[in-house]
Amino acid sequence: MTVPPAIDAARVAEASPDDGGGMPREAPLAMPVQDLSHWDMGQGHRPARPGRDPWPARILVFGGALALTAFGGWQMVETVSVSGNPTALQLVLVVLFCLTFSWIALAFTSAVLGFGMLLRRPRPMSAPTALTTRTAVLMPVYNEATARTFAGVEAMREAVEATGLGDHFDWYVLSDSTQPDAWIAEERAFLELRGRLGPDARLYYRHRAKNHHRKAGNIGDFVTRWGGHYEHMLVLDADSLMSGSAIVALAYAMEADPDAGIIQTLPLIINRNTLFARLQQFAARIYGPVIAAGLSAWSGRDGNYWGHNAIIRTRAFAESCGLPDLPGKPPFGGHILSHDFVEAALIRRSGWAVYMLHRLPGSYEESPPSLIDVAVRDRRWAQGNLQHARVIGAAGLHPATRQHFATGIAGYLASPLWLMQLVVGILLVLQTATERPDYFGGAGFSPVFPRFDPVRALQLFGLTMAVLLAPKVLGLILALLDAPVRRACGGAGRLILSSLVEILLSALVAPVAMVIQSGSVIGILLGRDTGWNPQRRDDGSIPLRDIVRRHRWHTVLGLVAGIAAFAIATSLFLWMSPTILGLVLAIPISWASGQLTLGLALKRRMLLATPEEASPPEIALRAAALATRNAARGYDDTDSLVAIHADPALAHAHSRMLPKGQRRPRGAIDADQTLAAAKICEAETVAEAQLWLSQKERMALLHDRALVDRLVRLETSHA
């Protein structure tokens, strides 16, 4: 039984905040629930400066996408009409093609706009030397690796202090953890760090007994209880890192713009080593800025919010962003999963600006390590975005806001639409191969051949590939033109080769991702709720049996599709070969995606390299060093009951941080608390308590001061 090092009780007491627990005295802000069916334009914020809508950029992006889609649709009609009027099935193919092509056409025109924006030299940004406001930096956590989370908080706090403006920032770890070991590990890390920093640490910790409304509820709880202390709040994720200069720059940008409600940054992915994570990291670094610049240009001050690495005006958020529960049951009813888009929509509805500083350096995040991990996260995102179909028609929303919702919804409907287009194409080829042609079935005597125009079909395929790959090519061109980026990626040759590797591997992953996402969307439409599981962030691989279980039907689908296509027509088999290959190889592709050895092998050869690998950001190096130190202290390796039992100072601090108990209504019996009380009273040693108590019963025990006291008084073992 591992016994953790004890907390220094004197240092903990010296550094305790005002309320004797983990948080300062409350300063509540009202956060009324918003009415989505009614909006009075007179009740919102009146901007101090008149804003200009970027209509030229919007006309270029949306007009260009519409023109491209119209041209592509016309080409498709001509392709299927070579032998006369198109059939009903051919018209279905045309409609599906237009829907899917419009999605990639919009990405193309936005990337072209972003490319033009990034060709311009950025305005030099001077470092702020003074601030007049206070900002709360919020780190919401949910069953995360404590060593890494608190290393990030400590590293960012040090970086901000180094700017000389640290007094303007307070730091909060807001826990929604439901695992007892994670909860106590967080408290240990918090108490140890605050004890070292001393009474002026301005570092706080709060754990919620019930994670009502998940992350949105976590942030909302902070705003309604402590938000009155701060003009701004900077919201992070558990894997977020931001440099001190970036954090200070965001606060300064808020002070300089009295109409700003939310200012979003562009987080770059760092610290990734598995094959799939390195693909994401490279794509985000090389292609991501082009897309983000285009999005920022046409959105203007009607932008979006991604839920982290962004600063928010606290009172504006409180007045505008109280999220209602949607009528009905999940997945479309209940609390709003993808709350960030909706919060941006509501704060913009109230007259506050929402925009992105896409050129601001020093904003970072991490990404899931494997294809399966991305699929788990994507399932939740799919439900959240499809749920926005219930919000897109809310009263008073800005047209650009509705477009953000529509883009998110379309992004998840695209996969089943592509799958349907593939199925319809197979049916058309099957029809052509099996039906006897009616050569003179028309009114005249000209023969009617039931076939496609092969020349137009090839031209249309080329157009589609060009539009699909253009954002990647534009991002690559910008990277090649940027000498420091080019050198950091291994030179022009390796940068081009890395892009080819990324395109090839992404093409193999795409069919599997399409089928997975289609299944997620169909499941959501059938009423299946996804829930909210903690995200895996480590670089570990998934057991092969789990990979086989997850992808076996994808492999079967690929084999069946390949055999059927070959039986129908060799040309169909060749046309479908990329999709068939990706599905047949789903198991080895998914296995390889999470492999650390494959990712590191490419890293050693400087393939899929990024500038942040060649010269890691100081904040990332410091966070990694602190994470190693924290891991050595065993925060994530110690049983919660053992930690509390072995350290009276920790037990005392834990009890002080618990919220005030509420009287239980008569007849309302908490089964977990009752069982925990019975078992802890029966136990004679902490080993027996470990053996007998379930995870839920441990959580109930840790929420009860009397039961915690009983735990502390247990014997370590039988004499």
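Only this structure's heavy atoms are used, side chains among them; waters, hydrogens and symmetry mates stay out.
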Handout entry: Heavy-atom check, side chain of T135 versus side chain of I247, under 4.5 Å
Key = no

Handout entry: Exercise: do E186 and S177 side chains pair donor with acceptor under 3.5 Å
Key = yes

Problem - Evaluation steps, side-chain hydrogen bond (donor to acceptor under 3.5 Å, both in side chains), between E613 and Q281 - result: CA-CA 10 Å; E613 280 186 339; Q281 180 174 270; 3.2 Å; yes

Practice task
Report yes if some heavy atom in the side chain of I184 is under 4.5 Å from a heavy atom in the side chain of L650; otherwise report no.
Solution key: yes

Handout entry: Side chain to side chain, I542 and D373, heavy atoms closer than 4.5 Å
Key = yes

Exercise for the section: Could you tell me whether the side chain of T628 and the main chain of A624 form a donor-acceptor pair under 3.5 Å? Expected result: yes

Handout entry: Approximate separation, where rounding is to 0.5 Å, of W692 CH2 and E697 CD
Key = 12.0 Å

Problem - Shortest non-hydrogen separation from D181 to T638 and the atoms involved - result: CG-O, 4.1 Å

Exercise for the section: Would you confirm whether H229, through its side chain, and R25, through its main-chain N or O, come within 3.5 Å as a donor-acceptor pair? Expected result: yes

Problem - Under 3.5 Å donor-acceptor, H652 side chain and P648 backbone - result: no

Exercise for the section: Answer with yes or no whether the side chains of H213 and D325 bring together a donor and an acceptor at under 3.5 Å. Expected result: yes

Fill in the blank from the handout: Shortest non-hydrogen pair, R698 vs P180, comes out as CB-CG, 3.9 Å

Exercise for the section: Determine, using ring centers only, whether H654 and H207 are less than 6.0 Å apart. Expected result: no

Practice task
Evaluate the side-chain hydrogen bond (donor to acceptor under 3.5 Å, both in side chains) criterion for residues Y355 and D257: first the C-alpha distance (whole Å), next the side-chain angles of each, then the deciding distance (0.1 Å), finally the verdict.
Solution key: CA-CA 11 Å; Y355 56 91; D257 186 353; 2.8 Å; yes

Problem - Carboxylate-amine/guanidinium contact R206 D221, below 4.0 Å - result: yes

Problem - Audit row: Y252, H168, side-chain contact (heavy atoms from CB on, under 4.5 Å) steps and yes/no - result: CA-CA 11 Å; Y252 182 76; H168 296 271; over 6 Å; no

Practice task
Please examine the side chains of T597 and Q595, heavy atoms only from C-beta on, and report whether any two atoms are closer than 4.5 Å.
Solution key: yes

Handout entry: Main-chain N/O of D239 paired with R148 side-chain donor or acceptor, under 3.5 Å
Key = no

Problem - Heavy-atom neighbours of K679 NZ exceed 12 at 6.0 Å - result: yes

Practice task
Taking R272 for its side chain and S367 for its backbone only, find out whether a donor-acceptor pair lies under 3.5 Å.
Solution key: yes

Problem - Side chains of L29 and R315 in contact at under 4.5 Å (non-hydrogen atoms) - result: yes

Problem - Residues which pass side-chain contact (heavy atoms from CB on, under 4.5 Å) with R202, listed by chain and number, not counting sequence neighbours - result: R157, E161, D167, D170

Completion exercise
Nearest heavy-atom approach of R622 to A155 is CG-CB, 3.9 Å

Problem - More than 12 heavy atoms of other groups within 6.0 Å of E618 CD - result: no

Problem - Spacing of D672 atom CG and Q695 atom CD [to the nearest 0.5 Å] - result: 11.5 Å

Exercise for the section: Calculate, to the nearest 0.5 Å, the distance between atoms CD1 and CD belonging to I312 and Q264 respectively. Expected result: 9.0 Å

Completion exercise
In L275, N273, T274, the residue satisfying side-chain contact (heavy atoms from CB on, under 4.5 Å) with L600 is N273

Handout entry: Note, L138 side chain near I219 side chain (heavy atom, < 4.5 Å)
Key = yes

Completion exercise
OG (S338) and CH2 (W381) are apart, to the nearest 0.5 Å, by 8.5 Å

Problem - Heavy-atom closest contact (V686 atom, L641 atom, distance) - result: CG2-O, 4.1 Å

Fill in the blank from the handout: Tightest non-hydrogen contact, residues A631 and D637, listed as O-OD2, 4.2 Å

Exercise for the section: Please determine if D709 and R705 form a salt bridge, counting it only when a charged side-chain N lies under 4.0 Å from a carboxylate O. Expected result: no

Exercise for the section: Evaluate the criterion side-chain contact (heavy atoms from CB on, under 4.5 Å) for residue pair M156 and L236; output intermediate values, then yes/no. Expected result: CA-CA 11 Å; M156 287 186 283; L236 303 168; 3.6 Å; yes

Practice task
Rounded to the nearest 0.5 Å, what's the gap from CD on E158 to CG on L626? Could you check?
Solution key: 5.5 Å

Practice task
Begin with the C-alpha distance, continue with both residues' side-chain angles, and end with the deciding distance and a verdict on side-chain contact (heavy atoms from CB on, under 4.5 Å) for M254 and E231.
Solution key: CA-CA 9 Å; M254 266 291 184; E231 287 83 1; over 6 Å; no

Fill in the blank from the handout: Between I680 and A689 the two heavy atoms that sit nearest each other are CD1-CB, 3.8 Å

Handout entry: Main-chain N/O of D237 paired with S240 side-chain donor or acceptor, under 3.5 Å
Key = yes

Practice task
Without swapping roles, check the side chain of D176 against the backbone of N211 for a donor-acceptor pair under 3.5 Å.
Solution key: no

Practice task
Check the angle between the aromatic planes of Y172 and F222 and answer parallel, tilted or perpendicular using the 30° and 60° thresholds.
Solution key: perpendicular

Handout entry: Pairwise side-chain contact, W171 with M139, heavy-atom cut-off 4.5 Å (strictly under)
Key = no

Problem - Test log, rule side-chain contact (heavy atoms from CB on, under 4.5 Å), inputs Q280 and V374 - result: CA-CA 10 Å; Q280 293 180 297; V374 167; 3.6 Å; yes

Exercise for the section: Examine distances only and state if a side-chain atom of E144 and a backbone atom of A182 form a donor-acceptor pair shorter than 3.5 Å. Expected result: no

Handout entry: Backbone of P24 reached by a side-chain donor or acceptor of W226 within 3.5 Å
Key = yes

Problem - Under 3.5 Å side-chain donor-acceptor pair for N309 and T265 - result: no

Fill in the blank from the handout: Separation between CD (Q673) and CG (L701), nearest 0.5 Å, reads 8.5 Å

Practice task
For S350 and L346, indicate whether the former's side chain and the latter's backbone hold a donor-acceptor pair under 3.5 Å.
Solution key: yes

Exercise for the section: Would you mind reporting whether H335 and L337 have side-chain heavy atoms less than 4.5 Å apart? Expected result: yes

